[in-house]
Amino acid sequence: MSHPAPPLPFPDRATDAHKGDFGRVLLIGGSRGMAGSIALSSMAALKTGSGLVSTAIPDRCLDTVAGFHPGIMTIPLADTDDGQFHLSATLPAFDSFDAVGCGPGMRTGPGSLRIVESLLQKNECLRVMDADAINLISEHQLLDSPALPRDQSTLVLTPHPGELARLTGVSAGDRPGQLAAAESLVEKHGLTIVVKGGPTVVVGCDADDGNAVRSVNNTGNPGMASAGSGDVLTGVITSLLGQRLSPWDAARLGVFVHGLAGDTAAAHHSQPGMTCVELLQALPAAIGLIE
Ligand SMILES: NC(=O)C1=CN([C@@H]2O[C@H](COP(=O)(O)OP(=O)(O)OC[C@H]3O[C@@H](n4cnc5c(N)ncnc54)[C@H](O)[C@@H]3O)[C@@H](O)[C@H]2O)[C@@H](O)CC1
Ligand SMILES: Nc1ncnc2c1ncn2[C@@H]1O[C@H](COP(=O)(O)OP(=O)(O)O)[C@@H](O)[C@H]1O
Ligand SMILES: [Mg+2]
């Protein structure tokens, strides 16, 4: 299959490499009814090359998530009766991981809010926030909280247009307005924003002058407009951050590989017929195409 050139090469593997060289990553999310979302992110991180993947989920989701892939290590956190993170849950030590991804399927209760606030506090850690983590940032205006660091240059946000509308107040139908609002946030906080869609645009910060820069992705197709596609992307970018790529490079290479996997899945299963499962399964072949 011919394909566009990647924005940067995929990380190399030395012959004597060991799993510690490819990142120990943590995924946090899921809730009763949406355990599949964080399982998708976790499997995507494994298939993108992470050395070790741990997944923190509400206790009652443990068996479901662990059952998806034997390579996932699970960390059960105390949960509420309706299967969300409990406010009193003992949180994992975020800084013992090379990268942390948070948000898919976790809903927006008080326990989830505490996790997102704790993660925003840790701006020395490489982090990806998606879905309900972004919704919590929007609902509680956390990026502007005086109690949290203003510099978030180690953070990648991956909103779809609905989530970006909540974050910026610019409606999902106004793509130019959304991109401009994403640029303002990037310039204010130093973060990287993956503005998802067809095509996805990565907005980051120029290292020299701090001005926002854009990179338009050239892979992917409308077959990916299907539940769970974005959950896969969260795992891909978290994995690349754990493999020591910068937020800007991990976001650009992540959306490229994710889109190429989508194109590979569509070639074999059709756009209407492909699902998040075929997308996930196509990740290794997509990586093989550009290695
Ligand atoms: N298997 C699972 O457990 C799944 C769980 N998921 C989780 O479900 C929760 C809700 O996420 P959703 O994204 O479904 O719900 P949201 O309410 O965040 O997003 C849906 C709304 O956003 C807007 N929107 C989204 N994409 C748009 C686009 N491209 N153009 C214009 N408007 C757009 C639309 O108004 C749409 O009604 C999240 O926690 C998510 O992670 C989903 O990821 C799907 C799979
Ligand atoms: N028309 C499209 N063309 C290319 N990519 C698309 C298209 N529609 C959706 N996608 C991709 O699919 C993913 C959908 O993410 P998201 O809406 O968060 O899904 P979910 O939350 O269900 O996992 C994004 O990466 C987005 O770029
Ligand atoms: Mg999503």
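We count residues from 1, following the sequence as given. When a ligand or atom number is given, it counts from 1 through the structure's own listing order. Only this structure's heavy atoms are used, side chains among them; waters, hydrogens and symmetry mates stay out.
In terms of modelled atom types and a separation under 3.5 Å, the side chain of S112 and the main chain of R107 share a donor-acceptor contact. Put simply, the side chain of R244 gets close to the backbone of G242: a donor and an acceptor are under 3.5 Å apart.
Here the shortest heavy-atom pairing between C205 and G210 reads SG-O, 3.4 Å. Between Q243 and T48, the shortest heavy-atom distance links the atoms NE2-O, 3.1 Å. The two residues A182 and I193 have their closest heavy-atom pair at O-CD1, 3.8 Å. Counting all heavy atoms, side chain and backbone alike, A282 lies closest to A261 at CB-O, 3.4 Å. Smallest separation of non-hydrogen atoms from A131 and G103: CB-O, 3.9 Å.
Identified under the salt bridge (charged side-chain N to carboxylate O under 4.0 Å, His left out) test for residues 138-165, with sequence neighbours left out: D144-K188.
From H3, atom NE2 reaches atom CG of N218 across 11.0 Å, with rounding to the nearest 0.5 Å.
If you check which protein heavy atom lies closest to atom 11 (C) of ligand 2, you get M224 CB, 3.9 Å. For atom 17 (O) of ligand 2, the closest non-hydrogen atom on the protein side is H160 CD2, 3.3 Å. Of the protein's non-hydrogen atoms, A225 CB, 3.5 Å is the one closest to atom 8 (N) of ligand 2. From the protein, the heavy atom lying nearest to atom 1 (N) of ligand 2 is P222 CA, 3.4 Å. In terms of protein heavy-atom proximity, atom 21 (O) of ligand 2 is closest to D231 OD1, 4.0 Å. The protein atom (non-hydrogen) at minimum distance from atom 7 (C) of ligand 2 is N221 O, 3.9 Å. Protein heavy atom closest to atom 13 (C) of ligand 2, with residue, atom name and distance, is S229 CB, 3.6 Å. Protein heavy atom at the shortest distance from atom 19 (O) of ligand 2 is G230 N, 3.3 Å.
For atom 6 (C) of ligand 2, the choice among C276, G220, G197 with the nearest heavy atom turns out to be G197.
In the vicinity of T200, heavy-atom distances shorter than 4.0 Å reach the ligand 2 atoms 27 (O). For ligand 2 and A227, the ligand atoms under 4.0 Å from any heavy atom of the residue are 22 (O). Near G198, meaning under 4.0 Å from one of its heavy atoms, ligand 2 places the atoms 2 (C), 3 (N), 4 (C).
The environment of CD in E124 is crowded: more than 12 heavy-atom neighbours from other residues, nucleotides or ligands sit within 6.0 Å.
Applying the salt bridge (Lys or Arg N to Asp or Glu O under 4.0 Å) test to E183 and every residue at least two apart in sequence or in another chain returns R214. With sequence neighbours left out, N123 forms a side chain to side chain donor-acceptor pair (under 3.5 Å) with no residue at all.
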If you look at each N/O of ligand 1, which protein N/O atoms lie under 3.5 Å away, and at what distance?
unit_1	atom_1	unit_2	atom_2	d
ligand 1	3 (O)	S37	N	3.3
ligand 1	13 (O)	H160	NE2	2.8
ligand 1	17 (O)	R166	NH2	2.9
ligand 1	18 (O)	H160	NE2	3.2
ligand 1	18 (O)	R166	NH1	3.0
ligand 1	18 (O)	R166	NH2	3.3
ligand 1	19 (O)	H160	NE2	3.1
ligand 1	39 (O)	G105	N	2.9
ligand 1	39 (O)	D132	OD2	2.7
ligand 1	41 (O)	G105	N	2.9
ligand 1	43 (O)	D231	OD1	3.0
ligand 1	43 (O)	D231	OD2	2.8

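Under 4.0 angstrom from ligand 2, there are no non-hydrogen atoms of D130.
A 4.5 Å side-chain heavy-atom check between T200 and L233 finds every atom pair outside the cut-off.
Geometrically, ligand 2 and K196 share a nitrogen or oxygen pair separated by less than 3.5 Å. Considering both main-chain and side-chain atoms, G228 comes within under 3.5 Å of ligand 2 through a nitrogen or oxygen pair.
Note on ligand 2: H258 sits in its first shell, one or more heavy atoms being nearer than 4.0 Å.
Cation-pi check for R114 over F85 is not met; the charged atom does not lie both under 6.0 angstrom from the ring centroid and within 45 degrees of its normal.
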